[in-house]
2 protein chains.
Amino acid sequence: MATIKDIAKEVGLSITTVSRALNDYYDVSPKTKKRVKEVAEALNYSPNHIARSLVMKKTKTIGLLVSDLMREGVKDNFTFEVLTGINKCAGDLGYDLVLFSTSSDKQKEKTYTQLCRERRVDGVIISGIKTSDRYLTEVVTSDIPCVLIDIPVNSNSVGFVTTDNVLGAMKAVQHLIELGHTEIAFMNGHDFAYVSKKRLEGYLSALEKAGLPIHNEWIVNGSFLDSTAEKVAYELLQNNPEITAIFCASDLMALGVIKAATKLNIKVPEDLSIVGYDDILLASYVTPSLTTISQDKYQMGYQAAELLISMLKDNTTPHQRLLNTHLVIRESTSLHNKQ
Amino acid sequence: MATIKDIAKEVGLSITTVSRALNDYYDVSPKTKKRVKEVAEALNYSPNHIARSLVMKKTKTIGLLVSDLMREGVKDNFTFEVLTGINKCAGDLGYDLVLFSTSSDKQKEKTYTQLCRERRVDGVIISGIKTSDRYLTEVVTSDIPCVLIDIPVNSNSVGFVTTDNVLGAMKAVQHLIELGHTEIAFMNGHDFAYVSKKRLEGYLSALEKAGLPIHNEWIVNGSFLDSTAEKVAYELLQNNPEITAIFCASDLMALGVIKAATKLNIKVPEDLSIVGYDDILLASYVTPSLTTISQDKYQMGYQAAELLISMLKDNTTPHQRLLNTHLVIRESTSLHNKQ
DNA sequence: CTGAAAGCGCTAACAT
DNA sequence: ATGTTAGCGCTTTCAG
């Protein structure tokens, strides 16, 4: 494998000059540049990123830390779409993306900081961790540049991108209210998710604005899982037949709720309207297709990468980005059936 | 950031000894090892992978080259599941995974080989490229260790993992035949896919075995896209009402075929049985749910990584792995309705 | 068991 | 415009 040394020998110049020629420095004569580049080509030279990184102390690499790239994440390919966006932006801006797999067993032996420092990534993007995760506290205390997805931490070295979850939830509930629903339950995720808090806020605020009473028993947690949501919804619907609509904090849970409804012989949307959240791929394919709050996951990833890289270059810009959501009306909601 | 030099100074030993202590060499006294490790810990030392890679000429990193991690791939999260498997195995075996985004524009300026050599990956896994892709020829001629997903190239430096596509297709068609179908069409992918060739082989062979005639007009290409498949199927079904079953080379296309059938007022599975291929997430969620040939995508990724890493260590093992598929019977197939 | 010295491929002062 | 020198942090002969 040819190195700049080989090129230097070939053209009869010092390696310094070769290095500078290759990197288009201003103080190298065009002639030399041309010769050097020709020889480089002829020798089939590829620069050694490793060597460069070592001396420059920059790897042009960002890490992606996902709590569960593994199995479960496959269902809602939320993570995947985010990853796709990150990857694109990183590529556009000349950065490499390396995946950190945090298998739970490894999590114990290696700290977040160690992980990042060993691999010498310039910065990290973290997605899909709970607010209770031990990594989170580490992030804030470490000084590794970092962007979080959907967790609002803002310090000198860490920023975040998220969507307006309060507004998103409000849109969902308001849609139901406009359809004439007044008995609206809420299937939330879990207490360790920032988005859950915000979506609850939106749910409550929408009801309040409409002058609707709040039933605390109608606010339940489905852990963001379809199976859990199904179980919880089954109970909820069985005990509270007056409910005519449910807003779910994720599409996956909405799917679970539909299953529960089906089992109870409750028709969606005739007897029960359901709004999901996320607009995952499944949402448009299932029957009935899901009315939902759509977030642009690809864009979240793209923005996260862009934010991180901008932080790497110049740490003065604001460290947060807020994305919009929009309501997508499909088949799982309909006008309230006054009997 | 502490280096072994700092440790050396602290413990009053040479950096050589420190390096060997840290790496558990046999010729360092247990006492020294202990002291060194303690100091390392105290100094919050993290080894510099970059520096190590430079001298060892091994990065312990594998690259993943996907033709389209981008947008389209989101629908069938085939790639994602493969990625998940690769990531897990790489993690298990102490390798990092870096993503190569081959945006089509970049594809022109950088060759496959350059890409790999610059980043100094030890090996590469390539997924989702067509047999016509220019990368493919490069792979074979380059000597970079490489494992292909679903493309059978076998040389000293390249291997592959795939499933038994002939057998898979046969299982699908035989299932239809057992249900009493005799007029069975085939929606294939495109001519540049290895799997398409194999699945066609299986389709033909199953018909032949059953003594069923082959209609060449009933073998069509849907480009692995639901939209294309829908269009093509619409024509096919309209012009050949005698068809009672269609085997599709991918679930996504099966979805398209169902749409076409619905538009033509053909009921699935009552009037038309459909078998897909892949068993993507959607398959079990759509209505009617898809009977399909399931391949373990996670496992394909895992095996690919394992194969690659084994090739890196010891190039004597066979360079290919064949995985099984199995038939999953759901709602899109039923007994042929003899009228 | 430990250390001195060389070097991986590259960049960056600081000359010239 | 080009060359000299030093060094990034680590491993690895080769000598004690």
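In the text below, chain A, chain B and the rest are named by the order of the sequence lines, each starting its count at 1. Values below: all heavy atoms of this structure, side chains included; hydrogens, waters and symmetry mates excluded.
Interatomic distance, A:N87 CG to A:D96 CG, rounded to the nearest 0.5 Å: 9.5 Å. Considering OG of A:S310 and NE2 of A:H319, their distance stands at 7.0 Å, rounded to 0.5 Å. Note: B:F160 CZ to B:I125 CD1 = 14.5 Å, rounded to the nearest 0.5 Å.
In summary, B:K313 and B:D122 do not engage in a salt bridge, as defined by a charged side-chain N under 4.0 Å from a carboxylate O. A salt bridge does not link B:E41 to B:K37: none of the charged nitrogens lies less than 4.0 Å from a carboxylate oxygen.
Of the residues in residues 29-37 of chain A, those lying under 4.0 Å from DNA chain D by heavy-atom distance are A:S29, A:T32.
In the 5' to 3' direction, nucleotides of DNA chain C lying under 4.0 Å from heavy atoms of chain B begin and end at C:dC1 to C:dG9.
Between B:P145 and B:L312, the shortest heavy-atom contact is CB-CD1, 3.5 Å. Residues B:D150 and B:Y194 share a closest heavy-atom pair of O-CD2, 3.3 Å. Across all their heavy atoms, A:T113 and A:E138 have their closest contact at OG1-OE2, 2.7 Å.
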Worksheet item: Can B:R52 and B:N23 be said to form a side-chain contact (heavy atoms from CB on, under 4.5 Å), step by step?
Response: CA-CA 12 Å; B:R52 180 180 299 174; B:N23 290 312; 3.9 Å; yes
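Ring geometry, A:F80 versus B:F80: the interplanar angle falls under 30°, so the pair is classed parallel (tilted spans 30 to 60°).
Atom pair B:Y26:OH and D:dT12:P shows a separation of 12 Å (rounding to whole Å applied).
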Sub-3.5 Å pairs of nitrogen or oxygen atoms, protein against nucleotides 7-11 of chain D:
{"residue": "D:dC8", "atom": "O3'", "partner": "A:K57", "partner atom": "NZ", "Å": "3.2"}
{"residue": "D:dG9", "atom": "OP1", "partner": "A:K57", "partner atom": "NZ", "Å": "2.7"}
{"residue": "D:dG9", "atom": "N2", "partner": "B:A51", "partner atom": "O", "Å": "3.4"}
{"residue": "D:dC10", "atom": "OP1", "partner": "B:Y45", "partner atom": "OH", "Å": "2.6"}
{"residue": "D:dC10", "atom": "OP1", "partner": "B:N48", "partner atom": "N", "Å": "3.3"}
{"residue": "D:dC10", "atom": "OP2", "partner": "B:I4", "partner atom": "N", "Å": "2.7"}
{"residue": "D:dT11", "atom": "OP1", "partner": "B:N23", "partner atom": "ND2", "Å": "3.2"}
{"residue": "D:dT11", "atom": "OP1", "partner": "B:R52", "partner atom": "NE", "Å": "3.0"}
{"residue": "D:dT11", "atom": "OP1", "partner": "B:R52", "partner atom": "NH2", "Å": "3.4"}
{"residue": "D:dT11", "atom": "OP2", "partner": "B:S19", "partner atom": "OG", "Å": "2.6"}

